[in-house]
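We name chains A, B, ... by the order of the sequence lines, and we start the count at 1 in each one. Nothing here was measured: the structure is a model prediction, and the numbers come from that model.
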Protein chains: 2
Amino acid sequence: MAASRPARKGVAIDATSADTKTRILDAAESLFMEHGFEATSLRSLTTAAGVNLAAVNYHFGTKEVLFQAVLTRRLDPMNQERIKLLKGVEREAQGRALSCEKVLFAMLIPALKIARDEKRGGKNFLRLLGRAYADPAPFIRHFLSGQYAEMIGLYKEAFLKALPHLSRQELTWRLHFVMGALSYTLAGTDAVKLFAQMTAVEKYDDELLLQRLAPFLVAGLKAPALADSRKLELVSGD
Amino acid sequence: MAASRPARKGVAIDATSADTKTRILDAAESLFMEHGFEATSLRSLTTAAGVNLAAVNYHFGTKEVLFQAVLTRRLDPMNQERIKLLKGVEREAQGRALSCEKVLFAMLIPALKIARDEKRGGKNFLRLLGRAYADPAPFIRHFLSGQYAEMIGLYKEAFLKALPHLSRQELTWRLHFVMGALSYTLAGTDAVKLFAQMTAVEKYDDELLLQRLAPFLVAGLKAPALADSRKLELVSGD
DNA sequence: ATAGAATTCAAACGAGCGTTTGAATTAGGC
DNA sequence: GCCTAATTCAAACGCTCGTTTGAATTCTAT
């Protein structure tokens, strides 16, 4: 069991090791995104980062902790900004009902800002995040739940007020769909060509992407609730 | 290099080995779903299936081929049924414009039927499929592209006619969002509690799930197209 | 300058992986 | 009943994995 984050005597913070740690985090962000968690070996990772193999265990303890650190570095500020933005919009409305668009945009804007800012991970990080959403590993799922709990709670309340025709249960499902479309879309790389010719026609552009996604999601959220008595007849015969 | 699918003399087809192959496929479907491709070892898989370790390589050649076989077994019939259903709806319309709902339901119904039918993989398979959509492994992405090419092409044309206000490009994006919400939702297990209290309130029910998803997707698909000249102002300042 | 802590490094550890092998076993056509 | 091909099996191969170790090195406070 190595000391997982040894602190210097009394110095600022990690003058020399900061470089090593950052190099590891950067390489990890890129490789985890490209190959996933299991398929990325610490040997290829440390080679790409230009550090010694043992550096990961020295600075982070285990590979799993490293993965969480990669996510935390970007995700925590992003979710904090989402919360701040939502509170700003709510203050601005002064009790009046918020529009669904306003709430949704408060959620999307921090993601968009990250996509634009290479220094904060850029598209790479968002794609990694999209992958993480769908990863079956329990430690990833637990971690994400924790990271999102506060933000999701606040947004659920806000959407509930903006979409009074939806029950709490209906809204929960719709937010699930929203996160699905968002994460799947963010996870897409140029290699994803299930729907061909797209990448040929227009360059992959995360800003344009979110601008196309937003109207789709707003319309979906605003759709009338499914009345329990009049269920959709999906299957005629069996 | 083992013979990857040796045929008996002239006998029906794989009288004895069919059992072994099926047991492997069933165990693989369940384990790949639960842990993902990389994290599932052939040793745990063959133990769960009650067959010898070497049986996978004997019957399938490699682990990757086994994974593809797991998907093909269910996916190929499902997509064939989707195509059949779409053609039926189109014949029924006799040239009249199809509604967006009709096209979407033709796409969802075969998935719903599988979810209901444990003998065809049931919910397990759909969740595995949802995971596979988000897997970064190139051999999985290539395989899925191939499996979906024909079906996606036909549905894109159908949606294009049902949604004349959308350009081909816009539609491509929206189908992307649809697949995202669908696969993410299908991949969800009870362990997924990003949005808590859901599983507590209502039992996980794939039929109800698709009935909630459909209105959301229909509304999203029907949403007005984004006019290029009047882009959404997502970010005010930077 | 020096003591002591923090960090880097090369090397190794034990475990688990996918796959291969060759003998033992089973089943079907004659 | 025998021959042959298909299948099962236990064992091993070679490799890569995440992690640990202990010595060498670098840095910093005194």
* **Phosphate OP1/OP2 of dT8(C): any Thr20(A) side-chain N/O under 4.0 Å** => yes

* Spacing between Phe60(A) atom CZ and dT7(C) atom P, to the nearest angstrom -> 12 Å

* Between atom CZ in Arg23(A) and atom P in dT8(C), what is the gap in whole Å? -> 10 Å

* So does Asn52(A) get a side-chain nitrogen or oxygen closer than 4.0 Å to the phosphate oxygens (OP1/OP2) of dA10(C)? -> yes

* Asked: Under 4.0 Å between a Lys/Arg side-chain N and an Asp/Glu carboxylate O for Arg73(B) and Asp26(B)?
  -> yes

* Any salt bridge between Arg127(B) and Glu34(B), counting N to O under 4.0 Å? -> no

* Between Leu53(A) (CG) and dT21(D) (P), how many Å, whole number? -> 15 Å

* Structure fact -> When rounded to whole Å, the CZ to C1' distance for the pair Phe67(B) and dT19(C) reads 20 Å

* side chain to side chain donor-acceptor pair (under 3.5 Å) between Ser44(B) and Thr47(B), worked out -> CA-CA 5 Å; Ser44(B) 67; Thr47(B) 300; over 6 Å; no

* Give a yes or no on whether the backbone of Leu31(B) and the side-chain of Thr40(B) come within a donor-acceptor separation of less than 3.5 Å. => yes

* Short side-chain N/O contact to dA6(C) OP1/OP2 from His59(A), under 4.0 Å -> no

* So, is Asn57(A) near the phosphate of dG18(D), with a side-chain N or O under 4.0 Å from OP1 or OP2? -> no

* Asked: Could you write out DNA chain C as a dot-bracket string, with dots for unpaired bases, | for bases paired across to another strand, and Watson-Crick or G-U pairs counted at under 3.5 Å?
  -> |||||||||||||||||||||||||||...

* Round to the nearest Å and state the distance from Tyr58(B) atom OH to dT21(C) atom P. => 15 Å

* Asked: Roughly how many Å is it from NE2 in His35(A) to P in dT16(D), rounded to a whole number?
  -> 16 Å

* Closest-nucleotide 5' rank along DNA chain C - winner of Arg43(A) and Ala55(A) -> Ala55(A)

* Asked: For the residue pair Phe177(A) and Phe216(A), is the inter-centroid distance of their aromatic rings smaller than 6.0 Å?
  -> no

* Asked: What's the CG-C1' distance between Leu42(A) and dG16(C), to the nearest Å?
  -> 15 Å

* Asked: What's the CG-C1' distance between Leu45(A) and dT19(D), to the nearest Å?
  -> 15 Å

* To do: Would you mind classifying the nucleic acid contact of Thr40(A) as base, sugar-phosphate or nothing, using non-hydrogen atoms under 4.0 angstrom?
  => sugar-phosphate

* To do: Consider only side-chain N and O atoms of Tyr133(B) and Tyr148(B), and report whether a donor and an acceptor are under 3.5 Å apart.
  => yes

* Distance test, side-chain N/O of Ser41(A) to OP1/OP2 of dT16(D), below 4.0 Å -> no

* Asked: Any ion pair linking Arg82(B) and Glu150(B) (charged N to carboxylate O, less than 4.0 Å)?
  -> no

* Asked: Does Thr62(A) put a side-chain nitrogen or oxygen below 4.0 Å from OP1 or OP2 of dG18(D)?
  -> no

